[in-house]
> 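What follows is a structure written as structure tokens; I'll ask about it next.
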Amino acid sequence: MGAEQRLHTAADGGLNIILVIICGTIGTVTGAAFWWWLAGKCGERRLKKLADRHGRWLTLSANEIDHVDAWFDRHGSWAIPVAHIIPGLRTLISIPAGVFGTPFPRFLILTTLGSAVWNSLLAGAGYFLGRQFSAVDRYLGPAGLTIMAAVLLYYVYRVITFKPSVENA
């Protein structure tokens with residue numbers, strides 16, 4: 001084999017593409033379930049107390065938590081699976097789902113659906129692009145960094161311009 005060790009991929013037949021997707025989905029769902037559980041343990045009441053004390057850094061007031069709760073009640077059924085295909089939201093969507101009491105079986109189904117789609121897209125892209133995947137990553141890498149930089153800048157903007165609600169002032 002020499003000094004260079006060859007990695008096995010699904011594209012070269014070294015890995016089963018279906019098992020790659022299943023294992024990726026199990027890993028994603030396991031991580032999401034942990035964050036759902038932790039957020040559920042925290043609960044809405046504790047989150048509101050935290051927002052009262054540290055709202056600027058959370059960029060969220062207790063009053064806004066009620067608005068997020070109402071939005072999540074209306075849109076959680078599509079927000080959970082869709083968030084699993086958006087960089088930066090895959091983990092975060094588990095937190096409102098846990099805090100606002102999305103039943104675990106429903107959360108599990110929606111998370112599995114969204115993450116299976118995303119993992120299938122990633123594995124399929126890797127499979128079909130094979131060794132050319134690194135060429136595509138030259139464009140996707142900076143795009144992902146740009147998205148994360150925009151999220152960070154938005155967070156900094158929210159911290160700077162945060163004004164607590166009248167009830168919490």
> Taking the side chain as every heavy atom from C-beta outward, state whether F100 and I65 have any atom pair closer than 4.5 Å.
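Yes - at least one pair of side-chain heavy atoms lies under 4.5 Å apart.
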
> Among residues at least two apart in sequence or on other chains, which ones pass ring pair (Phe, Tyr, Trp, His ring centres under 6.0 Å) with H67?
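Once residues adjacent in sequence are excluded, H67 has no partner under the ring pair (Phe, Tyr, Trp, His ring centres under 6.0 Å) criterion.
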
> Please name all residues satisfying salt bridge (charged side-chain N to carboxylate O under 4.0 Å, His left out) with R45, sequence neighbours left out, ordered by chain then number.
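R45 satisfies salt bridge (charged side-chain N to carboxylate O under 4.0 Å, His left out) with no other residue.
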
> Between I85 and R90, which heavy-atom pair has the shortest distance, and what is it?
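Minimum heavy-atom separation between I85 and R90: C-NH1, 4.0 Å.
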
> Quick one: closest heavy-atom pair of S94 and A39, and the distance?
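Closest approach of S94 to A39: O-CB, 4.3 Å.
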
> Return the set of residues passing side-chain contact (heavy atoms from CB on, under 4.5 Å) with R46 (not counting sequence neighbours), or none when no residue passes.
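Checked R46 against side-chain contact (heavy atoms from CB on, under 4.5 Å); matches are C42.
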
> What pairs with H75 under side-chain contact (heavy atoms from CB on, under 4.5 Å), at least two apart in sequence or on another chain?
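Result, side-chain contact (heavy atoms from CB on, under 4.5 Å) vs H75: W71, W78.
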
> With the side chain counted from C-beta on, respond yes when L38 and F34 share a heavy-atom pair under 4.5 Å apart, and no when they do not.
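The answer is yes, as the side chains (C-beta and beyond) meet within the 4.5 Å cut-off.
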
> Looking at residues at least two apart in the chain, or sitting in another chain, which of them share a side-chain contact (heavy atoms from CB on, under 4.5 Å) with L19?
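side-chain contact (heavy atoms from CB on, under 4.5 Å) check on L19 returns N16.
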
> Go through the structure and list residues passing side-chain contact (heavy atoms from CB on, under 4.5 Å) with I109, not counting sequence neighbours.
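By the side-chain contact (heavy atoms from CB on, under 4.5 Å) rule, I109 matches no residue at all.
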
> Enumerate, atom names and distances included, each donor-acceptor pair closer than 3.5 Å involving a side-chain atom of residues 110-121, sequence neighbours excluded.
unit_1 : atom_1 : unit_2 : atom_2 : d
T111   : OG1    : F107   : O      : 2.8
T112   : OG1    : L108   : O      : 2.7
S115   : OG     : T111   : O      : 2.8
S115   : OG     : T112   : O      : 3.4
N119   : ND2    : G24    : O      : 3.3
N119   : ND2    : T25    : OG1    : 3.2
N119   : ND2    : S115   : O      : 3.0
S120   : OG     : A116   : O      : 2.7

> Connecting only ILVMFWY residues whose side-chain heavy atoms lie within less than 4.5 Å of each other, what is the rest of Y157's hydrophobic cluster?
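Direct or chained contacts put Y157 with Y154.
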
> Can you check whether W36 reaches V29 side chain to side chain, under 4.5 Å on heavy atoms?
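Side chain of W36 against side chain of V29, heavy atoms only: no contact under 4.5 Å found.
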
